[in-house]
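In what follows, every heavy atom counts, from backbone to side chain, and hydrogens, waters and symmetry copies are set aside. Predicted, not measured: the structure shown is a model, and the values here were computed from it. Counting starts at 1 for both ligands and their atoms, following the listed order.
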Amino acid sequence: MTGESVAQGCPVTPQGCPVSDRAAAFTPFGDEYQHDPGAALAWAREQEPVFYSPELGYWVVTRYEDVKAIFRDNITFSPSIALEKITPTITEADEVLRSYGYAMNRTLVNEDEPEHMPRRRVLMEPFTAPALVEREDMVRRMAREAVDAFVDDGEVDLVTEMLYQVPLTVAMRFLGVPEEDIGPLKEYSVAHTVNTWGRPNPEEQVRVAHAVGNFWRYAGHVLDKIRQDPSGPGWMQYSVRKQAEHPDVVTDSYLHSIMMAGIVAAHETTAHAAANAVKLLLERRERWEELCARPALIPNAVEECLRYSGSVAAWRRVATTDTEVGGVSIAEGSKLLIVQATANRDPRHFEDAERFDPRRESAGEHLTFGYGAHQCMGKNLARMELQIFLQELTTRLPHLELVEQDFQYVPNTSFRGPEHLRVRWDPARNPERHDPRVLEVRHPVTIGEPSKHAISRAMTVTRVERVAERVVRIRLEEPDGKPLPAWTSGAHIDVDCLDGDEVLTRQFSLCGPPDDHHAYEIGVLLETDSRGGSRWVHENAVEGATFHVRGPRNHFRLDADAERLVLVAGGIGITPVLAHADRAKSMGLDYEIHYAGRAAEHMAFLDRLRRDHGDRLHTYVPTEGHRMDLARVLADVSAGTQVYACGPDRMVQALEELAESWPDPGALHVEHFSSALGALDPGVEHAFDVVLSDSGLTLRVPPDKTVLQTLREHNIDIQSDCEEGLCGSCEAPVLAGDVDHRDVVLGRGDRAAHSRMMTCCSRACGDRLVLQL
Ligand code: HEM
Ligand code: FES
């Protein structure tokens, strides 16, 4: 084991620093981690977010931001160890493996650049939306047949009878493995998991080595068969055909290794994810029933299940240079276990993170599929399978219940799902016995990320109050009075506002008391140049009206460790600032509020602010002879001070200029309400046309939208993952026009050729691009 101090027997990091007791005691091979890795490491995320595990010889990373940053930077944090054995093997086991000619090497998931990305791109086509649509009928038929086989039995192990078997057959069909070869795969897959991510004892190592050796031979045998006839629709047949065109990119070693690793990647991950999802939902009966009543929620519920109880709990990277993670120095060569399961429940990223909420808008931001250049290529196939399983089970067996049982897991760091899932129901109550039309229902499957509109909550306006000239405060509650997801200061909700036939979504900061779990309160200014959003809200906010709401989300979080907080608001920008001020007060922090408005009667919440914040409030009202002088207000932004601001663009711009001279310009936090759009500056960008040669459409891309957003608005399906030019999934072929490339995916040659582009970020140099879509 690495890093143990010999002198006192107390473990140390490779740099010789002592390891805390909890870090020293951490094991991913015990029950606690297996049952709920997110919860097992919650202590670390809060107290020691990056710690050294002497048991593993790995640095363990637990916060969302750090895990994502590592996934994002596959150059500093190489994936080359992703399939390395986490437990060093004994010589005897190595010899057994050698006797089978075992030579597992680079695939995709553990390949470095510059080899990885060209290979990923050459092999991507079978994973695209049009290719996956072709697979939907097959997946549904298999899921339906599996349910047919036990629907009248009243009790079944869902894993054995459906959730293991169907993903296995789907994976084999997707890869193109002949069905007669499926037999021994379960034993092989478990052996591969234990061999790669588990802690087998020496005896087990030898047994596992035989199974893995056989798996390797088996993969070679299947590949040979495929090579004899590479004409089928499977991904492996496709890969063999691509090898003929690109022998340097799709190598022999790659094909043999992916033949074996691909089976596990496509099967175990999805089978476990399905079992985790059904278990999670049945344990929360109310949620299960919500999906039975509203199947449109299923695509988002799948994302929330993957967030809350994903099937890949942790992944691995190795540092290629001396670097830093979350403020901790990491030396070149250090190995990192990046724990998606804890990151996915990080309250710094997800509001009310411990709540399982199928309507969570940000559910799709989980890291269970990884992120960036290596993000799971099969994620949309997995999503499709999971949606279909939940659709079939909620429609045909809505009265399903969990049998009381002890859940067993294969002890390992990464792949996680119960080995058995016993459920029961009363077959006499099967809906199809009373109404056979149940079997005709076919709910649509969403390929890619779920639509946001399906998850909105219909909320009732229960109070409307004028709080300033043209400003109303609106209270919204669930019609059945149920508690709402909790939120922290700085959070906002999205409200769907109708403008003619168009739905405009507008963001409003929450400004009521955060401990009121039964209502959300927003303050809304009627903008003079409103395009419809605020006008719609003002016209429709009457008691008893229904608003469609999503969220809450928070891009404007308060740093509760700051020594001093300066909160700056202009006009209606007071709403998030008010929430921050209330929170700062309740936490006993040092804070001051600077609030500027046109005239006192235009300034919302003044009475409340004066009452609750007394001397900490400074107001600036030009009609009373006080203008806000930002330079004076912010003359002393020393280290330890954090500034939070929300207000008109002019004010924000002035603040950004001032911040340039602060010791830490990052101390300025501004609320924008524009998420990804914020990256585009409409003042600098120009509009252009994209002509879609296959669809015969010409679309105008405005300066404040990406090509991807414009395509989606016109129902052109296009995959995307990172939406920041990192992963290559949103690529589109370009037939004419020069591209202003802004991604990091394409190499110099591709850029110069202007024959392809990443639609999430790249734009046109001129006024027109022709895309082959
Ligand atoms: C990569 C998870 C299903 C094929 C990955 C990675 C993760 C993952 C964590 C590494 C990501 C990274 O390093 O950033 C999952 C989960 C699944 C699933 C949780 C199911 C719920 C599938 C399926 C397939 C597949 C069904 C194939 C049909 C791949 C491939 C890669 C990959 C080819 C390598 C991509 C690359 O390195 O460029 N997956 N996966 N996965 N997955 Fe999946
Ligand atoms: Fe990742 Fe565009 S490059 S979505």
inquiry  = Could you identify the single nearest non-hydrogen protein atom to atom 31 (C) of ligand 1 and state the distance to 0.1 Å?
reply    = M377 N, 4.0 Å
request  = Look at the N, O or S atoms of C761, main chain and side chain alike, and state whether any lies under 2.8 Å from atom 2 (Fe) of ligand 2.
outcome  = no
key: Where ligand 1 meets F174 - atom numbers and elements under 4.0 angstrom, heavy-atom basis   = 28 (C)
request  = Check each atom of ligand 1 against the heavy atoms of F127 and keep those under 4.0 Å away; list them by number with element.
outcome  = 27 (C), 28 (C)
note = Honestly, for Q340 the part within reach of ligand 1 (heavy atoms, under 4.0 Å) is side chain
message = For atom 16 (C) of ligand 1, which of the options F71, F415, F369, F77 provides the nearest non-hydrogen atom?
response = F369
query = Considering only heavy atoms of T368, which atoms of ligand 1 have at least one such atom less than 4.0 Å away?
reply = 2 (C), 9 (C), 19 (C)
Contact with ligand 1 for P79, non-hydrogen, under 4.0 angstrom = no
remark   = atom 4 (C) of ligand 1 sits nearest the protein heavy atom G378 N, 3.7 Å
task = May I ask you to establish whether R345 and Y308 are in a cation-pi arrangement, using a distance under 6.0 Å from NZ or CZ to the six-membered ring centre and at most 45° from the ring axis?
result = yes
request  = Write out the residue and atom name of the closest protein heavy atom to atom 22 (C) of ligand 1, then the distance separating them to 0.1 Å.
outcome  = A265 O, 3.3 Å
task = Check whether any side-chain N or O of H741 sits under 3.5 Å from a backbone N or O of R751 as a donor-acceptor pair, and report yes or no.
result = yes
note = When rounded to the nearest 0.5 Å, the distance separating CD of E731 from CZ of R756 is 4.5 Å
request  = List every atom of ligand 1 that sits less than 4.0 Å from any heavy atom of A273, numbering the atoms from 1 in the order shown and giving each element.
outcome  = 21 (C)
Atom indices of ligand 1, in the order listed, that fall short of 4.0 Å to a heavy atom of T270 = 3 (C), 20 (C), 26 (C)
query = Looking only at heavy atoms of K379, does any of them come nearer than 4.0 Å to an atom of ligand 1?
reply = no
request  = Would you check whether H267 reaches within less than 4.0 Å of ligand 1, judged by its heavy atoms?
outcome  = no
ask   = Backbone, side chain, both or neither: what part of E111 comes under 4.0 angstrom of ligand 1, heavy atoms only?
value = neither
Side chain to side chain, K242 and R119, heavy atoms closer than 4.5 Å = no
query = What is the closest protein heavy atom to atom 43 (Fe) of ligand 1, and at what distance does it sit?
reply = C376 SG, 2.3 Å
inquiry  = Could you check, using the six-membered ring where one of them is a Trp, whether F71 and H374 have ring centers closer than 6.0 angstrom?
reply    = no
key: Backbone or side-chain N or O of W235 under 3.5 Å from ligand 1 N or O   = no
message = Looking at F688, I'd like to know if the NZ or CZ of R763 sits under 6.0 Å from its six-membered ring centre while staying within 45 degrees of the ring's axis.
response = no
ask   = Quick one: NE2 on H443 to CG on L390, what's the gap to the nearest 0.5 Å?
value = 11.0 Å
ask   = Which atoms of ligand 2 sit under 4.0 Å from any heavy atom of C730?
value = 2 (Fe), 3 (S), 4 (S)
request  = Enumerate the atoms of ligand 1 whose separation from the nearest heavy atom of W315 is less than 4.0 angstrom.
outcome  = 10 (C), 13 (O)
message = I need the atoms of ligand 1 closer than 4.0 Å to a non-hydrogen atom of L381, numbered in the order shown.
response = 28 (C)
query = Rounded to the nearest 0.5 Å, how far does CG of L692 lie from CG of L769?
reply = 10.5 Å
message = Does ligand 1 come near enough to R120 that some N or O of the ligand is less than 3.5 Å from an N or O of the residue?
response = yes
ask   = Please state which protein non-hydrogen atom is closest to atom 18 (C) of ligand 1 and give its distance, to 0.1 Å?
value = T269 OG1, 3.4 Å
request  = Assert yes or no for the condition that the ring centre distance of F174 to F127 is strictly below 6.0 Å.
outcome  = yes
message = Under a 3.5 Å distance rule, please check whether E304 uses its side chain to pair with a backbone N or O of A363 as donor and acceptor.
response = no
remark   = Only residue of E385, E145, E392 satisfying salt bridge (Lys or Arg N to Asp or Glu O under 4.0 Å) with R140 is E392
task = Say whether N110 and T107, considering side chains only, have a donor N or O and an acceptor N or O under 3.5 Å apart.
result = yes
message = Pairs of nitrogen or oxygen atoms closer than 3.5 Å, one from H374 and one from ligand 1: do any exist?
response = yes
task = Give the ring-plane orientation class for H256 versus W216, where under 30° counts as parallel, over 60° as perpendicular and anything between as tilted.
result = parallel
query = Taking the six-membered ring for Trp, are F350 and H366 ring centroids under 6.0 Å apart?
reply = no
inquiry  = Within the structure, is a non-hydrogen atom of S311 found at a distance of less than 4.0 Å from ligand 1?
reply    = yes
inquiry  = Polar contacts were defined as any N/O atom of the residue lying under 3.5 Å from an N/O atom of the ligand; does this apply to Y371 and ligand 1?
reply    = yes
task = For L386 and A273, work out which heavy atoms get closest and say how close.
result = CD2-C, 3.9 Å
query = How about E65: does its CD atom have over 12 heavy atoms from other parts shown lying under 6.0 Å from it?
reply = no
ask   = Taking the non-hydrogen atoms of R383, is any one of them nearer than 4.0 angstrom to ligand 1?
value = no
inquiry  = Any nitrogen or oxygen of L386 lying under 3.5 Å from a nitrogen or oxygen in ligand 1? Just yes or no.
reply    = no
query = Counting each atom of ligand 1 from 1 as listed, which ones have a heavy atom of V312 under 4.0 Å away?
reply = 2 (C), 9 (C), 19 (C)
message = Polar contacts were defined as any N/O atom of the residue lying under 3.5 Å from an N/O atom of the ligand; does this apply to R317 and ligand 1?
response = yes
task = Apply side chain to side chain contact (heavy atoms under 4.5 Å, CB included) to the pair R106 and E115, showing each step before the final yes or no.
result = CA-CA 10 Å; R106 300 296 182 104; E115 283 77 18; over 6 Å; no
key: Residue, atom name and distance, where the atom is the protein heavy atom closest to atom 27 (C) of ligand 1   = A266 CB, 3.5 Å
